[in-house]
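Written below as structure tokens is the structure these notes are about.
Naming convention: chains lettered A, B, ... in sequence-line order (proteins, then strands); numbering from 1 in each chain.
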Protein chains: 2
Amino acid sequence: MAYFDVASSAPLHPVARQALQASLDDGWADPSRLYREGRKARLLLDAAREAAAEALECRADELVFTSSGTRAVHEGIAGALAGRRRVGRHLVVSAVEHSAVLHSAAAHERGGGAVTEVGVGREGAVSVSSYADALRPDTALACLQSANHEVGTVQPVAGVAEACRAAGVPLFVDAAQSLAWGPVAEGWSLLAGSAHKWGGPAGVGVLAVRKGVRFAPQGPADERESGRAAGFENIPGVVAAAASLRAVRAEAAGEAARLRELTDRMRARVPELVPDVEVVGDPVRRLPHLLTFSCLYVDGETVLHELDRAGFSVSSGSSCTSSTLTPSHVLRAMGVVSEGNVRVSLPLGVAEAEVERFLAVLPGVVHGVREKLGVSVAGGGDGDAEAVTVDALGLTCPQPVIELARAIGRVRPGGTVTVLADDEVAAVDIPAWCFTQGHEYVGASPRPDGASAYEVRKAP
Amino acid sequence: MAYFDVASSAPLHPVARQALQASLDDGWADPSRLYREGRKARLLLDAAREAAAEALECRADELVFTSSGTRAVHEGIAGALAGRRRVGRHLVVSAVEHSAVLHSAAAHERGGGAVTEVGVGREGAVSVSSYADALRPDTALACLQSANHEVGTVQPVAGVAEACRAAGVPLFVDAAQSLAWGPVAEGWSLLAGSAHKWGGPAGVGVLAVRKGVRFAPQGPADERESGRAAGFENIPGVVAAAASLRAVRAEAAGEAARLRELTDRMRARVPELVPDVEVVGDPVRRLPHLLTFSCLYVDGETVLHELDRAGFSVSSGSSCTSSTLTPSHVLRAMGVVSEGNVRVSLPLGVAEAEVERFLAVLPGVVHGVREKLGVSVAGGGDGDAEAVTVDALGLTCPQPVIELARAIGRVRPGGTVTVLADDEVAAVDIPAWCFTQGHEYVGASPRPDGASAYEVRKAP
């Protein structure tokens, strides 16, 4: 069995388990009580806060523990926006933020606020200049992840922080995917993280708010955690979270180069082993343990199921929208193929042999799925038709792209294929497919029945 | 060492510890993932939900796990209010709810809603008829605790539920203090609880919303826990919480009669052993393990400190406002003395000998504190003054009451004492003291300097 999905959740680190068990005896009482059990709980809480703050490179009194990374994001963004309401109600986010950030932005819009989404390049990163251009005099807050959760691309946080500083706008950094690997570079105003992503327990997030950043906690008042995280403190959880962050950092320092070599190897070999694959994300400025690729002409769900049967746990598309059947907003924003998407995130200490076994298994899995779907599009060749229209109405991903790939072989170079499709994934995957295959994506026109007609011109 | 403060937080139950440890191996993955680790996590989560729902006597699909009891209260009240916004924006609460409820009510008021606080009698319970009178056509939600957290008085939930049903208003029950002892009687619409109060781990609350109750989750969207509790699921925590609730219920059934006998004994003997003590709360309709009393002429903080030195962990006044130096809102609403307040809440399995030792230690502790304060008021007697004015400006609790008690001995029966005081606790404790001593509290008049003049007529 190989668990290759630590970007979703990492198994509990042995140090976290030890710290959790050790603090169950002394960490259950109310730390605001003055009797002995309360004082013991307070000592544990204070020590955990010191350790976590050191790992985040902030002051202990700048850091609170929340009940999850999601909560750290929700409370952090809401508090920062409210703290700067007088400045304005404009929020800037990147288009590839985690859903916790984008849902916060949507809530802000519902409440009458304005939101600008900064787009990303094909490798998943924002550019500093386009981010800077989005900042306005009424911008209350800017949000940027440290690294993307789906494709591993590292964002230019330092540059964006500098642009925000120049504009007088606080920067909120969602560091959930990167904290195991190191602190975020200086310049952030607020920072959020999630313990179960670094091998700590579920139920613990961290929110740091730099001194001097205006912050007004929202929701009903609660005096715990400086009023920034309501609810009785989960002290065994935070002790385990802080202890494991320190331990994981020490291991990560030793593992980063090895994992990067393994993921580089996968990035190179997957396209050699499997036809019609696009490896996505920045090849260099990326997290060491994560890679993502999309296999044309298959659906991700079936690939995942077959990989699970073969003993590999990986995920597909957006980690948080997979159940909604909509394509990943990250892949969409990058303009890359979303069908047949596979994200691999390797755990610390993974055996090289497991990675090799994955590379040995993957081609057969993808081939099997394509065979079931009756796909035989490789090769292609040219036909003599000038223009072909394909009716893919009612067909879902990956069928519209498969139909397009078949039809492209029937037209002459420079000829056109029009695909009629109502599956919304087609709007992402048809242009992305054209890009990977070298054909020209002309555009889409809406039809009266709600579907779209996608026009593709074959490479001359 | 005797920990007598389970109403704040109970030590982790052995069953909770076992369940927590057992589920660390299988409960760390994302339960929404379809691979094997995710499926294992999902099985644990589903089983915990079934077990918790059975203990609450609701359906599993009515129950979500939150990150704390506080969060269950905050999200439950906000969601229910939003769900019935079309009906109106009026909220009814009792005056003795936990601060999580009252802070939710305050947030609702800040947002433009209306709140009615239903008062309580001297024993801490609302009356069904006065609660029913507070319900209006525009009432969106009514809130009532199952039992009070400071004095243990059990509220007439069934009667209030019936009145709410008749008025078509959903009833939210904060059952944090009573779930260890049994389910809440039928009739509630929403129910909240907190695992660490019943010996489960911190970081877990429960929120049940009956089918058919309109509910609109507030804040940023999140698909976990039916959209009602944002954040990655803390599965080891919820497994431990559910397992321990079942175990604690079984023990509580056997312990209830014994603990009630012990607390009855304390209720009877504390006033015999310590002069000038008022035992508060309902003597019969109360939680079996909890009693509260106030010792005149001492400050609770010092009493707690001395009891801690003697090996007893108890709390004083409101569990959540002790750090704010304001008198407990519960004791104030009941009109009882707040000074020298001690709450004792016995753990399951407490040794009778520990209770006896507490009774042996308490008189010396209170006597010692009174001696340090120079209190020698017992006895009293009569003087011949017609009216005495006492300047207690700048003095804090319990000094104004001590000055009053001294002065009352200098006036003739039927004469008056006027106390000038600026400590806000005096507004609670002077009337309450009069009640316990049989003197007439005439009233208070504000002074230009912001202080008040409290007038007391000595019993004839």
**Request:** Look at the aromatic rings of H196(A) and F232(B) and report parallel, tilted or perpendicular, splitting at 30° and 60°.
**Result:**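 If you compare the ring of H196(A) with that of F232(B), the planes turn out parallel.
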If every non-hydrogen atom of [X] is compared with every non-hydrogen atom of [Y], which pair is closest and at what distance?
X       : Y       : answer
W28(A)  : S9(B)   : O-OG, 2.7 Å
G231(B) : S68(A)  : CA-OG, 3.5 Å
E233(B) : A202(A) : O-CB, 3.5 Å
D222(B) : T70(A)  : OD2-CG2, 3.4 Å
H74(A)  : A230(B) : CE1-CB, 3.8 Å
S313(B) : E37(A)  : OG-OE1, 2.5 Å

Between [options], who has the most heavy-atom pairs with chain A when the cutoff is under 4.5 Å?
options                         : value
L34(B), D5(B), L102(B)          : D5(B)
R71(B), R36(B), Q218(B)         : R71(B)
G111(B), S194(B), S104(B)       : S104(B)
V73(B), L12(B), I77(B), L307(B) : L12(B)

**Prompt:** Side chain, backbone, both or neither: which part of A106(A) has a heavy atom under 4.5 Å from chain B?
**Reply:**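 For A106(A), there is no contact with chain B at all, as no heavy atom is under 4.5 Å.
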**Request:** Tell me, for V314(A) versus chain B, whether the close heavy atoms (under 4.5 Å) come from the side chain, the backbone, both or neither.
**Result:**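 It is the backbone, since no side chain atom gets that close.
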**Message:** At a 4.5 Å cut-off on heavy atoms, which part of A10(B) comes close to chain A: side chain, backbone, both, or neither?
**Reply:**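 For A10(B), backbone heavy atoms alone lie under 4.5 Å from chain A.
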**Message:** Please classify the contact of E109(B) with chain A as side chain, backbone, both or neither, using a heavy-atom distance under 4.5 Å.
**Reply:**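 Answer is neither: E109(B) stays 4.5 Å or more from chain A.
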**Message:** As an exercise: rank D25(A), I235(A), L304(A), L20(A) by heavy-atom pairs under 4.5 Å with chain B and give me the winner.
**Reply:**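 Winner by heavy-atom pair count: D25(A).
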**Request:** Flag the one option from R110(A), H108(A), Q21(A), R309(A) with the top tally of heavy-atom pairs under 4.5 Å to chain B.
**Result:**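 If we count pairs closer than 4.5 Å to chain B, Q21(A) comes out on top.
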